[in-house]
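Report on one structure; see the data block that follows.
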There are 2 protein chains.
Amino acid sequence: MTTGTKRASGAGTKGVPRVEREQEILQLASVAFGTAGFAATNVADVAREAGISKPLVYNYFGSKEGLYAACLDAAGSLLADEIERIARGDAVGIERGLRTMEGMFAVLEDRRHVWRLLHDRTAPTTGRVADVVAQHTARIDKLAHEGVHELLALAGVTDELDVSAMTATWLGIVDSLMDWWVAHPDQGAEQMARRVGRLVGALLVDANRSES
Amino acid sequence: MTTGTKRASGAGTKGVPRVEREQEILQLASVAFGTAGFAATNVADVAREAGISKPLVYNYFGSKEGLYAACLDAAGSLLADEIERIARGDAVGIERGLRTMEGMFAVLEDRRHVWRLLHDRTAPTTGRVADVVAQHTARIDKLAHEGVHELLALAGVTDELDVSAMTATWLGIVDSLMDWWVAHPDQGAEQMARRVGRLVGALLVDANRSES
DNA sequence: ATGAATTGACTTCTGGGTAAGTTACCACCA
DNA sequence: TGGTGGTAACTTACCCAGAAGTCAATTCAT
């Protein structure tokens, strides 16, 4: 590489390399998309927040969908990788669920909004965005389905519709806990993990009580 | 009231009384809002589906928000009334949860989409719509909170944040089951109630297994 | 005929996307 | 060292589609 003054060609407002700037835009866009949703997010606003002009965003990402797809790609890999990592462990049933939640809390500690990206109802359902969403949710749903299947099988439930409904419910639980977490920024990841453990424990106490 | 030929003044395309026509619009609008969301729903489309013109919709409901508020009012009352009715029963803990789900399934059997109306992130967060949403979710959340508080208290958990998180989770569970139900139109209300019962049972079996 | 009900045709505004110009950096040459 | 053209980065100013909302004109029951 050229010595001293890096090879920054062109006329950046600063000598900030493009990749770094793209990274910053993605960060800001993820927050915007994750909180307001795809439809309600304004590209011009994101650009202004990033301190650049709208056309530059288009120059980098091609379109609003392209920007969203880029955010999704980062978020999806992050999440799916972590869930896969945990799935490789030996926990089963409820234990596996708790471990997974723990992992999610740890990974998303300071990126809580990204969970929403994968479940945005206002995102386009066709085209590149849909493909990227499908790709990542497929990975995640597969693992969720696998875990739930295992859990239910241990209890003798094997009906595929039951597994399907339970998987949806599990994902909904994760969803709502993430929402709650977003609404309670002062709560840390370990705090959340302990809280969830406590709540599951309470459920079981109650269940056994009402069984007697 | 006027005798014989009802008091239908003006020039309806048919002799359909206004109230009835309003009802039909609300029905269609609820489906549209509930499936596509507030932002993605187009007033002109709703009007076309109802076989009338857009200005007439505005004449009836004043604005898109007015139309949405009217849908919400019907949906909110329906749901909150039913949940309150069940809360007046003597079921507690998990049992109360199951009873509530049963009631929801029964009430929403052929209006499954309305549950989404109350949880639409694309709806305006200020003005009349926000007020109506707040009013109904306040009723529902209060009952959910009450039920969860009771359930957790039986297990010795009294931390307010725990109750808050668990309430959010409970509402998320209902949410995801409703979504699953929407995606499986062939499943009846009783079928769903039995399914949920089965799944809760399976969870308990697994929990006791892993405890030993 | 009269007036309420209803509509076709309009205005307005928001927001995605683009064309054309401007700036800053670099390579090359005298 | 300083001018000169080339090029990539960046911005200003614009276009345009779609959807909310409005109004004068029209239809219809009485």
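Residue numbers start from 1 in every chain, and the chains themselves are labelled A, B, ... in the order their sequence lines are given, proteins ahead of strands.
Nearest heavy-atom pair, A/Glu24 versus A/Ala50, reported as atom, atom and distance to 0.1 Å: OE2-O, 4.1 Å. The two atoms that bring A/Gly93 and A/Leu151 nearest to each other are C-CD1, 3.5 Å, heavy atoms only.
Taken residue by residue, residues 36-50 of chain B places heavy atoms nearer than 4.0 Å to DNA chain D at B/Thr41, B/Asn42, B/Val43. Residues from residues 53-72 of chain B with heavy atoms under 4.0 angstrom of DNA chain D, sorted by number: B/Lys54, B/Pro55, B/Tyr58, B/Ser63, B/Lys64.
Residues satisfying the ring-ring contact (aromatic ring centres under 6.0 Å, His included) test with B/Tyr68, not counting sequence neighbours, are B/Phe33, B/Phe38. Every residue meeting the side chain to side chain contact (heavy atoms under 4.5 Å, CB included) condition with B/Val46, not counting sequence neighbours, appears here in chain and number order: B/Ile25, B/Ala29, B/Ala32, B/Thr41. B/Trp170 is linked by a ring-ring contact (aromatic ring centres under 6.0 Å, His included) to nothing, counting only residues two or more places apart in sequence or in another chain. With sequence neighbours left out, B/Asn42 forms a side chain to side chain contact (heavy atoms under 4.5 Å, CB included) with B/Ala44, B/Asp45.
For the pair B/Ile52 CD1 and C/dT7 C1', the interatomic distance rounds to 11 Å; values are reported in whole Å.
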**Message:** Is there a side-chain contact (heavy atoms from CB on, under 4.5 Å) between A/Arg21 and A/Leu56? Walk through the geometry before answering.
**Reply:** CA-CA 11 Å; A/Arg21 189 171 281 199; A/Leu56 190 52; 3.9 Å; yes
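In terms of phosphate contacts, B/Arg21 brings no side-chain nitrogen or oxygen within less than 4.0 Å of OP1 or OP2 of C/dA5.
The neighbour count for B/Arg111 CZ, taken as heavy atoms of other residues, nucleotides or ligands under 6.0 Å away, does not exceed 12.
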